[in-house]
Amino acid sequence: MAKKRKQPQQPPAAAAKKEESAAPTRPQRTLLGWKDSDAVAPQNPNSNEDDESQTTFFRNKEKVLVTCSRRINYRYRHLMLNLVSLLPHCKKDSKVESKESKGSTLNELIELRNCSSCLFFECRKQKDLYLWMTKSPSGPSIKFLVNAVHTMEELKLTGNHLKGSRPILTFSTNFDEKPHWKLVKQMLTQVFQTPKDHRKAKPFHDHVFVFSIVDDHVWFRNYQISVPHNETDKVDKGGLDKMTLIEVGPRFCLNPIKIFGGSFGGPTLYENPFYVSPNQIRALEKKKKAGKYITKVTAKKRRKLHEMENPLEPDEFADLWKED
């Protein structure tokens with residue numbers, strides 16, 4: 001039988017070179033952005049001054065997990081699917097049971113799917129829709145009540161844009177007035193902004209996401225950027241007067257309830273003092289309807305008492321036509 005060849009052993013110097021040529025460590029992610037790359041860049045004493053001036057290149061790998069609770073309404077499910085079609089950097093998962101332990105379950109799902117953010121649509125009583133917008137695993141997380149839902153299928157608008165194209169995010173000036181609105185703006189930016197050079201994204205900007213604050217509610221709109229394509233009507237750089245916006249959909253309104261310091265919980269950073277739960281609104285409406293019924297009953301009772309207190313006088317001609 002033939003003898004096995006001895007594999008040549010690599011000298012320790014080659015192994016040290018491989019360790020030096022390893023990829024740089026990933027910088028730490030914070031809520032306001034990435035930390036300075038100078039602290040993360042590997043220090044090589046043999047490098048030149050030109051190499052030290054160059055910073056390490058980092059690619060944004062933001063991924064959003066989109067899921068919902070069980071027993072969700074069809075309209076809310078269509079809204080979730082519309083958002084999935086608008087976000088090429090999201091991952092859709094199966095439904096999660098809406099219980100007290102949903103936070104730990106969702107954090108595990110986010111870690112398994114290699115995501116950094118989560119949009120969780122929680123439906124209660126098949127009427128009320130709550131949206132959890134969370135950064136995992138360290139937080140923060142925001143709980144919204146979703147109102148005025150209109151899906152793309154309902155609106156049937158004329159706007160249209162490429163699927164997977166990168167949006168332009170615009171915010172109203174109200175977001176810079178208070179600190180909790182600044183935090184909401186930063187969360188919306190990180191969740192809805194498509195990372196550059198994403199494998200499923202197209203390198204075009206042909207639609208706009210509009211976030212505006214009206215009556216302490218965040219209103220969402222999606223518009224297509226329409227540009228004339230005729231040879232005579234081509235738009236020059238800076239010629240915004242010929243561009244038009246056509247609404248695409250969907251539409252919805254976010255009412256912030258609470259902002260937590262952790263992922264799906266933790267210390268309360270902000271609580272909306274003007275928030276009224278839908279259960280309380282329905283209870284007030286029932287009381288109004290019950291008040292109408294009570295007024296009818298009391299009116300009947302008053303009428304009977306009035307008839308008993310003021311009886312009619314006997315009629316003289318009541319027995320005129322009776323037979324003897």
Side-chain angles (χ1 to χ4, degrees), residues 26 29 33-34 57-68 72 74-95 106 109-121 131-136 144 146 149-171 185-212 218-229 234-235 237 240 242-252 254:
R26 178 173 176 169
R29 179 70 184 266
W34 303 97
F57 175 74
F58 176 74
R59 178 173 293 175
N60 184 9
K61 295 183 179 180
E62 182 79 23
K63 295 177 184 176
V64 183
L65 179 69
V66 181
T67 183
C68 63
I72 191 172
Y74 72 96
R75 292 183 69 247
Y76 300 150
R77 181 167 50 83
H78 289 175
L79 174 67
M80 182 189 70
L81 294 177
N82 289 341
L83 286 180
V84 169
S85 63
L86 290 177
L87 304 176
H89 61 289
C90 74
K91 292 184 178 181
K92 186 175 174 294
D93 208 307
S94 57
K95 296 179 181 179
L106 287 168
L109 275 176
I110 294 169
E111 186 177 358
L112 288 172
R113 299 300 299 271
N114 194 18
C115 297
S116 57
S117 305
C118 179
L119 290 176
F120 177 60
F121 292 85
L131 174 62
W132 286 84
M133 190 179 296
T134 307
K135 300 294 293 184
S136 182
F144 296 100
V146 186
V149 175
H150 300 282
T151 61
M152 290 183 182
E153 293 79 10
E154 291 177 351
L155 295 173
K156 295 182 180 178
L157 297 170
T158 57
N160 189 16
H161 59 78
L162 288 173
K163 185 176 181 180
S165 58
R166 299 180 64 199
I168 299 173
L169 303 184
T170 60
F171 296 89
K185 178 182 178 181
Q186 191 61 234
M187 291 280 289
L188 291 171
T189 303
Q190 293 188 15
V191 170
F192 284 90
Q193 187 176 18
T194 304
K196 187 180 179 183
D197 299 331
H198 192 270
R199 61 187 183 88
K200 290 185 179 179
K202 297 180 177 63
F204 306 108
H205 293 280
D206 61 347
H207 63 290
V208 184
F209 288 166
V210 180
F211 298 95
S212 55
V218 181
W219 297 81
F220 173 82
R221 293 291 184 270
N222 179 23
Y223 294 98
Q224 173 201 355
I225 302 174
S226 179
V227 182
H229 293 286
K234 278 191 175 179
V235 179
K237 290 184 178 179
L240 301 178
K242 294 184 179 180
M243 292 185 182
T244 56
L245 295 179
I246 305 173
E247 189 173 358
V248 182
R251 298 176 181 175
F252 57 89
L254 300 177

Spatial distance of atom CD (Gln193) from atom CG (Leu87) [nearest 0.5 Å]: 11.5 Å
Check whether more than 12 heavy atoms from other residues, nucleotides or ligands sit under 6.0 Å from atom NZ of Lys200, and answer yes or no. no
Does either side chain, that of Ser136 or that of Glu111, offer a donor lying less than 3.5 Å from an acceptor on the other one? no
Full working for side-chain contact (heavy atoms from CB on, under 4.5 Å) between Phe252 and Leu83: CA-CA 11 Å; Phe252 57 89; Leu83 286 180; 4.1 Å; yes
Check against side-chain contact (heavy atoms from CB on, under 4.5 Å), Phe121 and Val66: CA-CA 8 Å; Phe121 292 85; Val66 181; 4.1 Å; yes
If you define the side chain from C-beta out and look only at heavy atoms, does anything of Leu169 sit under 4.5 Å from Leu188? no
I'd like to know if Arg75 and Glu153 make a salt bridge, using a cut-off of under 4.0 Å between side-chain N and carboxylate O. no
How long is the straight-line distance from CD of Glu154 back to CG of Leu79, given to the nearest 0.5 Å? 9.5 Å
Just say parallel, tilted or perpendicular for the rings of His198 and His89, cut-offs at 30° and 60°. perpendicular
Exercise: identify the closest heavy-atom pair between Met80 and Cys68: SD-CB, 3.7 Å
Which heavy atom in Pro167 sits nearest to a heavy atom in Thr194, and how many Å separate them? CD-OG1, 3.4 Å
Can you tell me how far the CH2 atom of Trp219 sits from the CZ atom of Phe211, to the nearest 0.5 Å? 14.5 Å
Between the side chain of Asp93 and the main-chain N/O of Leu65, is any donor-acceptor distance below 3.5 Å? no
Show the nearest heavy-atom pair for residues Ser117 and Glu62, with the distance to one decimal. OG-OE2, 2.6 Å
Between atom CZ of Phe144 and atom CG of Leu119, what is the distance when rounded to the nearest 0.5 Å? 9.5 Å
Does some side-chain heavy atom of Ile168 sit less than 4.5 Å from a side-chain heavy atom of Ile225? yes
Looking only at heavy atoms, the pair that brings Met243 and Val227 closest together is CG-CG2, 4.0 Å
Please check if the side chain of Thr170 supplies one atom and the backbone of Phe209 the other of a donor-acceptor pair under 3.5 Å. yes
Option passing side-chain hydrogen bond (donor to acceptor under 3.5 Å, both in side chains) with Ser165 (candidates His207, Gln224, Lys202): His207
Let's go through Tyr76 and Val149 carefully: what are the C-alpha distance in whole Å and the side-chain angles of both, what is the deciding distance for side-chain contact (heavy atoms from CB on, under 4.5 Å) to 0.1 Å, and is it a yes or a no? CA-CA 8 Å; Tyr76 300 150; Val149 175; 4.0 Å; yes
Quick one: does Lys91's side chain get under 4.5 Å of Lys63's, heavy atoms only? yes
Of all heavy-atom pairs between Thr151 and Pro250, which one has the smallest distance, and what is that distance? CA-CB, 4.1 Å
For residues Ser116 and Ile110, report the shortest heavy-atom separation together with the two atoms involved. N-CG2, 4.4 Å
Spacing of CZ belonging to Arg221 relative to CG belonging to Leu245, to within rounding of 0.5 Å: 13.5 Å
Rounded to the nearest 0.5 Å, how far apart are CG of Leu86 and CE of Met152? 4.0 Å
Mind checking whether Leu254 and Phe220 have side chains closer than 4.5 Å, heavy atoms only? no
Check whether any side-chain heavy atom of Phe192 sits under 4.5 Å from a side-chain heavy atom of Val64, and report yes or no. no
Quick one, Lys61 and Pro195 - any side-chain contact, counting heavy atoms below 4.5 Å? no
Are Val210 and Tyr223 packed together at the side-chain level, in the sense that at least one heavy-atom pair is separated by less than 4.5 angstrom? yes
Would you say the side-chain atoms of Lys185 pair up with the backbone N or O of Phe171, donor to acceptor, closer than 3.5 Å? no
